[in-house]
Amino acid sequence: MSYTHTKIWTVDKNKKTLPSDPSIVEAADYIKRGEVVAFPTETVYGLGADASSREAVNKIFAAKGRPGDNPLIVHIADYPHLDNLNVQVDDVERRLMEAFWPGPLTIVLHGIFPVSANVTAGLDTLAVRMPDHPVALALIKASGKALAAPSANLSGRPSPTKASHVTFDLDRRIAGVVDGGETGYGLESTVVEWKDGVCWILRPGGVTKEQIEKLLPDTPVRNEAGSSQEAPKSPGTKYRHYAPDTPLFLIEESRIMNEVRRARKQGKKTGVLSSSESYKDLAEEADFCLDMGSVHTPEVFSSRLYSALREADEHRLDVLFCPVFEETEMGAALMNRLKKAAEEPAAE
Ligand code: TXA
Ligand code: MG
């Protein structure tokens, strides 16, 4: 579908009366009429539509160019919304919700849900999350709908952390964008599934494995990747996500300077996503260099990552270097996304 114009509503996320704000009310009307509207969350921008409408949800897949077998997360604003979804909630799941909602945790749940079948891509589970962002919560409340919402990027592009990223990818492919400023975490939510006595992390994100282990000391918490074949799979993980156009190389920070020099000798246009500690030296040597925060703050690096990948693409570099992080706390989610951005495209 093509629109002559994508409407932009600029809202102040700190405004007290957001749910009755005329911009939010109008954006919610678009959703009630079956249109898709992008909105900010605390992770990345989402592309929302009424989860009970097949036609509206189809517009999400069409706008993104997303494969139909990759299910969507349903976003809710409060617990009555969760009850309406008719999902089964066991003790472990209840504790996860109480500890981390609203927040960057998506929980895969069982039940017989009143959502359109294209939301779950035919799976018998439903992924649900309550975002911690006043604009997202206000929009969901004002629409009175549970919102199916993937990240608001073209399929295969980095997720958007600013409204301008959304319009770059989806201008005139969607009805509107609520611009509530930059998102916070900058990486997508953690996706978990409680199954067979194990809390599986299907996708690492803003809620860390360490935080979940602390909450559930008697429950095994395992990463889906690298575990047994029986582990539940998050269908989206088989696609190459978060892909910059520029070849990305992950190397030890101490080796980056040598690699930049070598690449430049070969006539290559080089870029670096640098730590603050190395920024001054590397910025002198490389054609393009961004200060991504200290090596000791992977959460700051994460919040800047997708924007940096988009910026790097605009410079048409031949190579982009990035340091590796220890895969603990937020470093786990960061390395997961960096490895996906660096790997070769999957066969499908
Ligand atoms: O932070 C986020 O989660 C953002 C914001 C907008 O909320 N959303 C997001 O959605 O990242 P998306 O569609 O880009 O990623 C959703 C992931 C995919 O990997 C998908 O396969 C997985 O969640 N997923 C959705 N439903 C699932 C289910 N029933 N079982 C297992 N995985 C599921
Ligand atoms: Mg996505």
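All ligand and atom numbering here is 1-based and tracks the order in the structure.
- Using 4.0 Å as the threshold, E193 has no heavy atom nearer than that to any atom of ligand 1.
- Annotation for T270 and A263: closest pair CG2-CB, 3.5 Å, computed over non-hydrogen atoms.
- The Mg ion (ligand 2) has no N, O or S atom of N153 inside 2.8 Å of it.
- Only the side chain of N70 comes within 4.0 Å of ligand 1, judged by heavy-atom distances.
- Every residue two or more places apart in sequence or in another chain was checked for a salt bridge (Lys or Arg N to Asp or Glu O under 4.0 Å) with K214, and none qualifies.
- Neither the backbone nor the side chain of L47 has any atom closer than 4.0 Å to an atom of ligand 1 (non-hydrogen atoms only).
- On a distance-only criterion, R129 and ligand 1 share at least one N/O pair closer than 3.5 Å.
- Under 4.0 Å from ligand 1, the heavy atoms of H75 that appear belong solely to its side chain.
- Counting non-hydrogen atoms of other residues, nucleotides and ligands closer than 6.0 Å to CZ of F168 gives a total of 12 or fewer.
- Listed by number with element, the atoms of ligand 1 under 4.0 angstrom from any heavy atom of S151 are 8 (N), 9 (C), 10 (O), 12 (P), 14 (O).
- Neither the backbone nor the side chain of E42 has a heavy atom within less than 4.0 Å of ligand 1.
- Side-chain contact between V177 and I174 is present, with at least one heavy-atom pair separated by less than 4.5 Å.
- Near T125, meaning under 4.0 Å from one of its heavy atoms, ligand 1 places the atoms 28 (C), 29 (N), 30 (N).
- Using a 4.0 Å cut-off to heavy atoms of G46, the atoms of ligand 1 that qualify are 6 (C).
- A donor-acceptor pair shorter than 3.5 Å can be found between the side chains of E253 and S278.
- Distances from atom 10 (O) of ligand 1 to the heavy atoms of P131, P150, A38, A121 show the closest one on P150.
- Of all the heavy atoms of T43, the ones lying under 4.0 Å from any atom of ligand 1 belong exclusively to the side chain.
- T41 pairs in a side-chain hydrogen bond (donor to acceptor under 3.5 Å, both in side chains) with only one of the listed residues (H133, E188, R129), which is R129.
- D78 meets the side chain to side chain contact (heavy atoms under 4.5 Å, CB included) test with P80, H81, K141; sequence neighbours excluded.
- The shortest N/O to N/O separation between S189 and ligand 1 falls below 3.5 Å.
- For CD of E285, the number of neighbouring non-hydrogen atoms (other residues, nucleotides, ligands) closer than 6.0 Å is greater than 12.
- Residue-to-ligand polar distances keep Y45 apart from ligand 1: every N/O pair is separated by 3.5 Å or more.
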